[in-house]
Enquirer: 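Pasting a structure below so you can have a look.
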Amino acid sequence: MKVVKFGGSSVANAEQISKIINVVTADADRRIVVVSAPGKRTGADTKVTDLLIALADTVLENADCEAALLEVVARYAEIQKDLDLPEAVVETIEADLRGRIENRDSNDLQFMDTMKASGEDNNAKVIAEAFTKAGFPAVYVNPGDAGMLLSDEFGNAEVLPESFAKLAALKNYDKIIIFPGFFGSTKAGEVATFPRGGSDITGAILAAAVKADVYENFTDVDSVCAMDPRVIDNPPAIDCMTYREMRELAYAGFGVFHDEAIIPAVHAEIPICIKNTNNPAAPGTMVVPKREPEHGSVVGISSADGFCSIYIDKYMMNREVGFGRRLLQILEDEEISFEHTPSGIDNMSVILRSDQVEGKEESVLELIKTELEPDNISVEHGLSMVMVVGEGMHYTPGMAAKATGAFCEAGVNLEMINQGASEISMMFAVKDEDRVKAVQALGKAFFK
Ligand code: ASP
């Protein structure tokens, strides 16, 4: 059995919905279909979820919401018309939206979630009708009814563990299931949504619950690229990578998934396949628990800016028991999460995401000065992290030499190297202005 998820661009209009009917029905194992709300039809378009947020905001401001409501309805009307579905489909959607607004809850966050969830909910109903009309009987399943129980953190909900056993019953349907992504129900029966992009989470939960053979995530690219195509022309495609490799790449801005989105599938060891709705014949990229990599091979190179480092030195630091703990305690007390702590004999740096220290930098430096009495302390802004990732790097001599050689040739100065903590990646800090050059140099070295 396969759980299949289609993102917003794959269900944005009738043409795309017709494609997904073909994709799903081409493989009898594709039994559970998770759908997003209609996404962008063109580059400049607005996602239905964003239209719904604007609509909910208008309602919350007690302003006239008619135009915003009709804009949402018009998106479904276009789909209904182009798919030649009965007009009643759109009337039901309009009535549903008006009902959600009339029964507005006193809790604004809860109301917002009810409105956001309608995007996937109504789209799933339309898509189920479209399948059935095309001769492939399909059934819409409501997440709350099926047992998708979520915490009551509206807009940022998490799945409750008891959901998995309940959702396992989805295996037993004989019709194709069309399941709206992005939301579920709290124990009290209120609608709650995952963070934005949360239909990926729904798909991963269902794949884990029914112990699917594979979780297919359909998007609009043939496969995941080994490097950012904005940084390098025609990067190679990744055929297969492990969860660990994906996580390491995602750390530095690799936009495959929101890496938390697939946690349920990772825990259940369900292989994930990223495929293209517009070119389903392309094999896509597999993300698997384990693989046998080619010795010395690299799977991908990623990079992200937005880091800074606090550098501290103090003569005889290495003999001062508790220095590191006290330094990190200061960060903890200020609710700052840190990334890395490279250290020397008498010095230590803490690398952080710049947004973590925004507005707190001066107070943190003051605390470090008074509590740890360093000889010197300085902050460096504008750092980027560059990651070289591959299970094949494990036990392979010369990988770091190859990377640093490439940097040397390209004239990139290294601010930090971190290798060892993870045996499948090397991490380099460079100045922001060297990031692109650094990635291009590594690309040349590892993917000739
Ligand atoms: N429609 C929601 C969003 O735009 C969820 C999703 O598409 O995954 O964030």
Side-chain angles (χ1 to χ4, degrees), residues 3-13 16-17 19-20 32-57 68 71-73 75-76 78-79 93 96-97 100 109-128 140-144 148 150-151 153-159 178-185 191-208 215-221 250 255-265 272-278:
V3 170
V4 204
K5 182 250 163 181
F6 292 96
S9 63
S10 302
V11 289
N13 57 26
Q16 291 300 90
I17 293 174
K19 281 186 199 164
I20 80 164
I32 300 180
V33 181
V34 176
V35 294
S36 285
K40 294 183 181 192
R41 293 161 295 186
T42 57
D45 203 9
T46 309
K47 291 175 163 199
V48 163
T49 307
D50 290 311
L51 295 179
L52 288 163
I53 292 171
L55 168 60
D57 281 336
E71 204 178 341
V72 176
V73 174
R75 288 292 293 270
Y76 291 103
E78 183 193 289
I79 294 173
I93 291 174
D96 169 76
L97 285 170
R100 287 176 199 248
L109 287 174
Q110 202 176 309
F111 171 67
M112 180 57 88
D113 270 16
T114 306
M115 295 304 291
K116 282 195 292 189
S118 76
E120 340 305 273
D121 203 27
N122 285 319
N123 211 25
K125 289 176 186 166
V126 172
I127 291 170
Y140 154 86
V141 173
N142 178 275
M148 178 68 85
L150 307 190
S151 64
E153 296 149 283
F154 297 105
N156 196 25
E158 284 183 30
V159 65
I178 311 293
F179 197 100
F182 192 38
F183 75 97
S185 165
V191 169
T193 69
F194 293 119
R196 289 299 302 271
S199 298
D200 283 341
I201 308 180
T202 305
I205 292 168
L206 296 191
Y215 168 30
E216 290 181 324
N217 199 301
F218 279 85
T219 164
D220 48 14
V221 291
V256 189
F257 283 115
H258 188 328
D259 47 351
E260 283 168 34
I262 54 159
I263 291 173
I272 300 167
C273 187
I274 298 158
K275 285 177 77 76
N276 191 352
T277 309
N278 305 315

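Ligands are counted one by one from 1 in listed order, and the atoms in each one are counted from 1 as well. Along the sequence shown, the residues carry numbers beginning at 1.
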Enquirer: Please confirm whether the backbone N or O of Thr193 pairs with a side-chain atom of Asp113, one donor and one acceptor, at under 3.5 Å?
Expert: yes
Enquirer: Among all protein heavy atoms, pick the one closest to atom 2 (C) of ligand 1 and tell me residue, atom and distance.
Expert: Thr49 OG1, 3.5 Å
Enquirer: Let me confirm one number: the CD1-NZ distance from Ile272 to Lys5, rounded to the nearest 0.5 Å.
Expert: 11.5 Å
Enquirer: For atom 7 (O) of ligand 1, find the nearest protein heavy atom and state the residue, atom name and distance (0.1 Å precision).
Expert: Ser36 OG, 3.0 Å
Enquirer: I'd like to know whether ligand 1 has Lys116 as a neighbour, heavy-atom separation below 4.0 Å.
Expert: no
Enquirer: Identify, by atom number and element, the atoms of ligand 1 in contact range of Lys47, meaning under 4.0 Å from any of its heavy atoms.
Expert: 4 (O)
Enquirer: Against heavy atoms of Glu120, which atoms of ligand 1 measure under 4.0 Å?
Expert: 1 (N), 2 (C), 5 (C), 6 (C), 7 (O)
Enquirer: Measure the distance from atom 6 (C) of ligand 1 to every protein heavy atom, then report the residue, atom name and distance (to 0.1 Å) of the closest one.
Expert: Ser199 OG, 3.4 Å
Enquirer: Is any N or O atom of Gly197, backbone or side chain, closer than 3.5 Å to an N or O atom of ligand 1?
Expert: yes
Enquirer: Testing Thr114, Asn142, Ile93 one by one against Asp121 for a side chain to side chain contact (heavy atoms under 4.5 Å, CB included), which residue passes?
Expert: Asn142
Enquirer: For the pair Arg75 (side chain) and Asn13 (backbone), establish whether a donor and an acceptor sit closer than 3.5 Å, ignoring hydrogens and angles.
Expert: no
Enquirer: Return yes when Gly181 approaches ligand 1 closer than 4.0 angstrom through a heavy atom, no otherwise.
Expert: no
Enquirer: Quick check: does any side chain N or O of Gln110 sit under 3.5 Å from a backbone N or O of Phe154, one acting as donor and the other as acceptor?
Expert: no
Enquirer: Taking distance alone, with no angle check, do Lys5 and ligand 1 share an N/O pair under 3.5 Å?
Expert: no
Enquirer: Can a donor-acceptor pair be found, under 3.5 Å and without considering hydrogens, that links the side chain of Tyr76 to the backbone of Gly119?
Expert: yes
Enquirer: Quick one: does Arg196 get an N or O within less than 3.5 Å of an N or O on ligand 1?
Expert: yes
Enquirer: If only atom types and distance count, is the side chain of Tyr215 paired as donor or acceptor with the main-chain N or O of Asp200 below 3.5 Å?
Expert: yes
